[in-house]
Amino acid sequence: MRIILLIAVSFTYLFANAHIFVYHRFGDDRYPSTNTTLIELEKQFLYFQRNGYKVVPIENIVQKIKNKKDVPDNWVGLAIDDAYKSFYNNGLELFKKYNYPFSLYVYVEASEKKYNDFMTWEQIKDASKYGSIGLHSFGHKRMTQISPAQVYSDTKKAYELFTKKLGFEPKTYVHPYGEYNEAVLNELEKFNFDAIFNQSSGSVSKDSKLNDINRIALVGKVNLKNKLRYKTMNAIWEEPKEFPNDGILKNVKASVSPKYKTIKLYITGYGWRDIKVNKGIINENLQIPLKKARTRIILSPDYYTIANKIIIKNKKTKEK
Ligand SMILES: [Zn+2]
């Protein structure tokens, strides 16, 4: 059984990898940490165009994953989170010029209550002529910090308002702050989204999980070529599954291709280290106190082919 498993793991490593990128604000230099200038955006679009990349609707990528079909290497999906006005006023024009589809993710409370910086429902409806619209929660809360019942009610409220205002149901969901855990996913599952996206450097392949699809953030000036190098390394992740209650990371356990004898392990706050792989099995004893409430753990042979896991400390952990 173990042998069959490992062959499957090493084989899937060969498959194609598409990339989904996330933007936030456009041409809005008040917020450099979430902004992409229009000059930079056009540079990126030209890079896609000149290097054989095809910007496709994210739904096409989801369909491939659903059908367990290879996702072409040159496919790129573009997402825009929060539905800031700067997308409508600045960014959208360039998407139209290049005829690039996008998925726009609505922070429902902000649009509903007409917060200054956010698109109105009318603007979102207009944008839906050029791309698809998905859900980005009602209250944009840190979902790992509220109860499962609150996650459910936030999503229900968002789902219903979205449907009422736009006249169609949201088919995809992205997490506020990219933060989630098993409990959050369990609640979201009740809404039957076609796909749920994270925000994590990695690629998309037919082995991606429909409720955990990688998206790479693009902010400011970026080296697109490097971002497009990210590939998914298939790993069967065993430990850790969640942020440890006592804050001590005991070990990292996973199965990877047996072709690796050593591999690099990254832990937020600790950087990279080399660890041993024994016949495809990683079992690294660590016993280290985690430094960040949001900790990323990455396994990679080369810094670009990666399997990763984000674990987030939740309120319950803190109280213990
Ligand atoms: Zn957001």
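Just the heavy atoms: all of them, side chains too, but no hydrogens, waters or symmetry mates, feed the values below. Owing to the predicted nature of the structure, the values given are computational and were not obtained by experimental measurement. Both counts, for ligands and for their atoms, begin at 1 and track the order of listing.
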Side-chain ([X]) to main-chain ([Y]) donor-acceptor, under 3.5 angstrom:
X	Y	answer
N251	K253	no
N308	S201	yes
T232	N234	no

Checklist entry - Is the charged tip of K85 near the ring of F118: under 6.0 Å from the six-membered ring centre and within 45° of its axis? => result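 Not flagged: K85 not positioned over aromatic ring of F118.
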Checklist entry - Out of curiosity, L135 CG to I196 CD1, how far, rounded to the nearest 0.5 Å? => result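 One finds 10.5 Å between CG of L135 and CD1 of I196.
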### Task
Check whether F26 and L78 end up in the same hydrophobic cluster, where Ile, Leu, Val, Met, Phe, Trp and Tyr are linked by side-chain heavy atoms less than 4.5 Å apart.
yes
**Q.** Protein N/O/S neighbour count - the Zn ion (ligand 1), strictly under 2.8 Å
**A.**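 Protein N, O or S neighbours of the Zn ion (ligand 1) under 2.8 Å, waters not counted, come to 3.
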